[in-house]
Amino acid sequence: MLCEMCGKEVPQTSRVRLEHSVLSLCPDCARFGTLIDPVPAPAPAATTTAGGFRPGLVASRPTGTRRRLEERDLYQEIGELELAPDWNRRIRVAREALQWTPEVLGKKLNEKKSVVLKIESGSFRPPDALVRKLEHLLKIRLRAEPEAAGAAQG
Ligand SMILES: [Zn+2]
């Protein structure tokens with residue numbers, strides 16, 4: 001069998017979980033991952049054949065790269081984006097420039113007016129999805145600009 005990592009030919013590979021995939025690895029490479037217990041073979045009740053000869057048993061197919069279901073983490077990614085220090089002011093200024101009331105903006109965001117007011121006062125940090133919506137609707141940027149090296153002019 002061939003090791004899926006280094007390609008070495010070994011008599012026996014082990015199933016090893018590495019990152020999010022399961023590989024058949026030689027003992028050398030196996031230590032980089034987590035060993036998985038061998039899959040219990042769906043063998044029927046022991047077939048003892050006279051003469052000690054066991055009919056060809058295909059244990060595993062090396063071609064079978066099994067696609068595992070991605071275990072999606074359920075934590076919500078709220079507040080991943082880094083916002084500009086005056087993000088809430090930018091929202092209010094942009095909204096007022098468009099002559100939208102907090103209510104109008106709220107409707108466009110599918111949020112309540114009170115949410116808009118909380119956002120504008122800075123007491124509620126909108127989740128990233130909302131940040132993007134606001135940026136899109138108001139045509140502004142709320143995210144902190146990545147600091148350009150040596151751009152400290154003025
Ligand atoms: Zn290897």
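Both counts, for ligands and for their atoms, begin at 1 and track the order of listing.
Taking both residues in full, the closest heavy atoms of N88 and S121 are given as ND2-C, 3.5 Å, listed atom of the first, atom of the second, then distance. Residues P126 and I119 approach most closely at CB-CD1, 4.0 Å, considering heavy atoms. Pairing each heavy atom of R143 with each of R132, the nearest pair is NH2-CG, 4.0 Å.
Linking ILVMFWY residues whenever their side-chain heavy atoms come closer than 4.5 Å, directly or via other members, places L25 and F32 in the same cluster.
Between T13 and L23 there is no side-chain heavy-atom pair separated by less than 4.5 Å.
For the Zn ion (ligand 1), the nearby protein N/O/S atoms, meaning those under 2.8 Å, are C3 SG, C6 SG, C26 SG, C29 SG.
Residue E9 qualifies as enclosed at atom CD: its count of foreign heavy atoms under 6.0 Å is above 12.
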